[in-house]
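To start, the structure under review is shown below, and the notes come after it.
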Number of protein chains: 2
Amino acid sequence: MSDVAALAGVSKMTVSRVLAGRGVAPATRERVQHAIDELGYVADAAAGALSSGRSAFAAVLVPSLASSNFSDTVRGLTAALEPHGLQLLIGDTDYDLEREERLVRSMLRHQPRCIALTGAQHTPATRELLVRAGVPVVEMWDLPASPIDAAVGFSNAKAAREMVRYLAERGYRRIGFIGGASELDRRGLERLKGYSQEVKARGMSERVVRLGDSPITMSHGAPALDALLQQWPDTDAVLCVSDMSAFGAIMQCHRRGLSVPGDIAVAGFGNFEVAACCTPAITTISVDAYGIGKRTGETLLAALAENDGASRHATPSRRSVKIDYTVIARESA
Amino acid sequence: MSDVAALAGVSKMTVSRVLAGRGVAPATRERVQHAIDELGYVADAAAGALSSGRSAFAAVLVPSLASSNFSDTVRGLTAALEPHGLQLLIGDTDYDLEREERLVRSMLRHQPRCIALTGAQHTPATRELLVRAGVPVVEMWDLPASPIDAAVGFSNAKAAREMVRYLAERGYRRIGFIGGASELDRRGLERLKGYSQEVKARGMSERVVRLGDSPITMSHGAPALDALLQQWPDTDAVLCVSDMSAFGAIMQCHRRGLSVPGDIAVAGFGNFEVAACCTPAITTISVDAYGIGKRTGETLLAALAENDGASRHATPSRRSVKIDYTVIARESA
DNA sequence: TTGAAAGCGCTACCAC
DNA sequence: GTGGTAGCGCTTTCAA
């Protein structure tokens, strides 16, 4: 920066102002900009952060970047935060709460301006770290009973209930559920819970197969469907924890010579791309994953703006943004 | 850190050494660690980076996080770099070279220790910035004619030729290609180039449909297949620029009552999960996307180790790692 | 094995 | 509109 200042014949402060886009006379600004280009000068963000006491980072934690759900959410966050000069620090927890804690710890070292993470469940240490960080926090994809700060999500249980209701209304009575075996995928467990509640409420019996790790992939569907039909051969509909699994199940139906939905109806969750493209097209719950990211970003920005205006100590906003979901009726159920 | 030092009754330097895991007497180390836990102290990475002149960042640029290809590559990079204490700065270029340049510029402000980016094509300014950065750079997913520094990838053109060869050997003679319309997806264009070369070399005629933006998604396949069959109704095989498109095309064949591969063979590229799960299972080119990330990470680490040992000015390694690919023969072709 | 001083590159603050 | 000074929280270097 000294070099640039010298070349432009101004002080470092003026260079700093030009970079920050603050009040500088047009002529001066041009000279400085020229010097910057000349020297290929790139300001050091670490020095800036240290000096000003505010970084340009936003921390983001998702269970898995490979799931289109969460990569869409990350895209939404990027869309909201990048225009405000925030650089995303993205971490992949792999559905592991200990790993989440390690990642939070490591990200906190970079003094992020705000934090977005997935789900309602975290280790006590993670919660403690997050609260102490004193920056806006949003938990995404769930509506926690006691949020750390704010939340942007929906009730996975209620959404699953709605799908069971849809199936019941279409006349299906022997409805199964296939999902993952892991206790770590809380959203999957919530969906299972919603399924169980609604099935019981209607006096139907539960038919649950839990198999495999999260994230649930396409290859989950085939063995899960086989297991379900082996135990309950007369099953007439199956709700899958995700469209990935639903797709695998439908392909397995093809292989077994079962028609969908004629012999068995299959419903998914998430409205992934495959649900619309596959034949039969998959009936599913549509969740706006990108919107969750976007709304989360906006919520964080609003909290940042407030904190700037008011006291320094982050006043937890506790706001909770409910994201809509809808049953998309297609061909498979 | 002063607070921690005071509480532990040592100097700041000793606290710093404990955090860095350097030579400190066990008793002292314990006292310090206790004070750290007590106060919930989290070291400031910006200050550390500024003081030591070396950040803990690795910059990564991919065209799209939504493509499982690239999210797998990011996972591979994480696996390689995270254990060495490097934090990934992930950017999504959206197949836009201008955006790539902006992202590089913004990431460079954080003084990354190394940089991984996708493809061989960049704006002149991007190349300039990257060279001036003086840190190891790896270009992934391609083998550039004149790499900036190192490269980890394969020839997309040769891989596509191999698939055409496979199809020709299975007796297909009227082979089409469906891909994206964008000039920005260089890997897609390379695949098209390979197709054209091999088709011409065998005296067959080209049948090319280019449609839609990158990243190519499942919904690309159906309209592209329709367009192909409208123009060349007697097509007996189609090579798709990606498995996503191939899947969409196969589903469209189902809808049109065409049997695959009986009426028309369909081949994909990438060996995505859907290729193995769908029926008929998709014949494709398998590329180890995760491995590209892993190898890239290892290449970067090796370069960092060298630079540490030797001179400060990064000696470009110019090494080029070739990644294997293979035709996976399944049911669809 | 530990401590003290200097300074990394920038921005906040106050003068002019 | 511009410049000087102080100092952000660490690590480097050297001394004890």
Side-chain angles (χ1 to χ4, degrees), chain A residues 1-36 39-57 85 87 105-106 108-113 132-134 308 312, chain B residues 1-33 35-36 39-57 85 87 105-113 132-134 308 312:
Chain A
M1 188 178 258
S2 300
D3 297 351
V4 173
L7 183 57
V10 295
S11 74
K12 289 197 318 185
M13 260 328 294
T14 302
V15 178
S16 173
R17 287 191 187 104
V18 169
L19 287 163
R22 297 249 179 68
V24 175
T28 319
R29 133 167 278 117
E30 198 153 330
R31 276 216 318 289
V32 172
Q33 191 57 56
H34 191 77
I36 288 173
L39 296 173
Y41 167 72
V42 178
D44 182 330
L50 181 60
S51 178
S52 68
R54 42 159 56 195
S55 79
F57 289 120
Q87 165 78 242
R105 215 178 277 280
S106 111
L108 247 25
R109 293 172 35 91
H110 297 288
Q111 317 272 73
R113 296 281 296 284
R132 280 182 114 132
D308 271 4
R312 214 98 264 282
Chain B
M1 187 179 259
S2 300
D3 297 350
V4 174
L7 183 58
V10 295
S11 74
K12 288 195 322 184
M13 255 334 289
T14 303
V15 177
S16 173
R17 287 191 185 104
V18 169
L19 287 163
R22 298 250 179 68
V24 176
T28 318
R29 133 167 276 115
E30 200 155 324
R31 274 215 320 289
V32 172
Q33 190 58 55
I36 289 173
L39 296 172
Y41 167 73
V42 178
D44 182 330
L50 181 58
S51 179
S52 67
R54 42 160 55 196
S55 80
F57 289 121
Q87 164 78 242
R105 215 177 279 277
S106 111
M107 286 184 174
L108 247 26
R109 294 173 33 93
H110 297 286
Q111 317 271 73
R113 297 280 299 282
R132 280 181 115 131
D308 270 5
R312 216 97 267 280

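These figures come from a predicted structure and were not determined experimentally. The sequence lines fix the lettering, A, B, ..., with proteins before strands; numbering per chain opens at 1.
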* Asked: To the nearest 0.5 Å, how far apart are CG in A:Leu19 and OH in A:Tyr41?
  ->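 Here the interatomic distance stands at 5.5 Å.
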
* CD-CG distance between B:Gln111 and B:Leu50, expressed to the nearest 0.5 angstrom ->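 That separation rounds to 9.5 Å.
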
* Begin from the C-alpha positions of B:Met13 and B:Arg17 and carry the test side-chain contact (heavy atoms from CB on, under 4.5 Å) through to its verdict. => CA-CA 6 Å; B:Met13 255 334 289; B:Arg17 287 191 185 104; 3.9 Å; yes

* To do: Please tell me which of B:Thr28 and B:Leu50 maps to the more 5' nucleotide of DNA chain C, matching each residue to the nucleotide holding its nearest heavy atom.
  =>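 Comparing both residues, the 5'-ward one is B:Thr28.
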
* Asked: Which word best sums up how the rings of B:Phe57 and A:Phe57 line up, parallel for under 30°, tilted for 30 to 60°, or perpendicular for over 60°?
  -> tilted

* To do: For each nucleotide in nucleotides 10-16 of chain D, reading 5' to 3', give B when a protein heavy atom comes within less than 4.0 Å of its base, S when such contact involves only the sugar-phosphate, and - otherwise.
  => BBBB---

* Asked: Tell me: CD of A:Glu30 to P of D:dG1, nearest whole Å?
  -> 16 Å

* Rounded to the nearest angstrom, tell me the gap between atom NE2 in A:His110 and atom C1' in D:dG9. =>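 Atom-to-atom, A:His110 to D:dG9, this comes out as 15 Å.
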
* Start with the C-alpha gap between A:Arg29 and A:Val32, add the side-chain angles, then the distance that decides, and say whether side-chain contact (heavy atoms from CB on, under 4.5 Å) holds. => CA-CA 5 Å; A:Arg29 133 167 278 117; A:Val32 172; 5.8 Å; no

* Asked: Side-chain N or O of A:Thr14 less than 4.0 angstrom from OP1 or OP2 on D:dG3?
  ->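 Yes, such a contact exists.
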
* **Validation row: B:Leu108, B:Arg105 side chains within 4.5 angstrom (heavy atoms)** =>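 B:Leu108 vs B:Arg105: side chains apart.
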
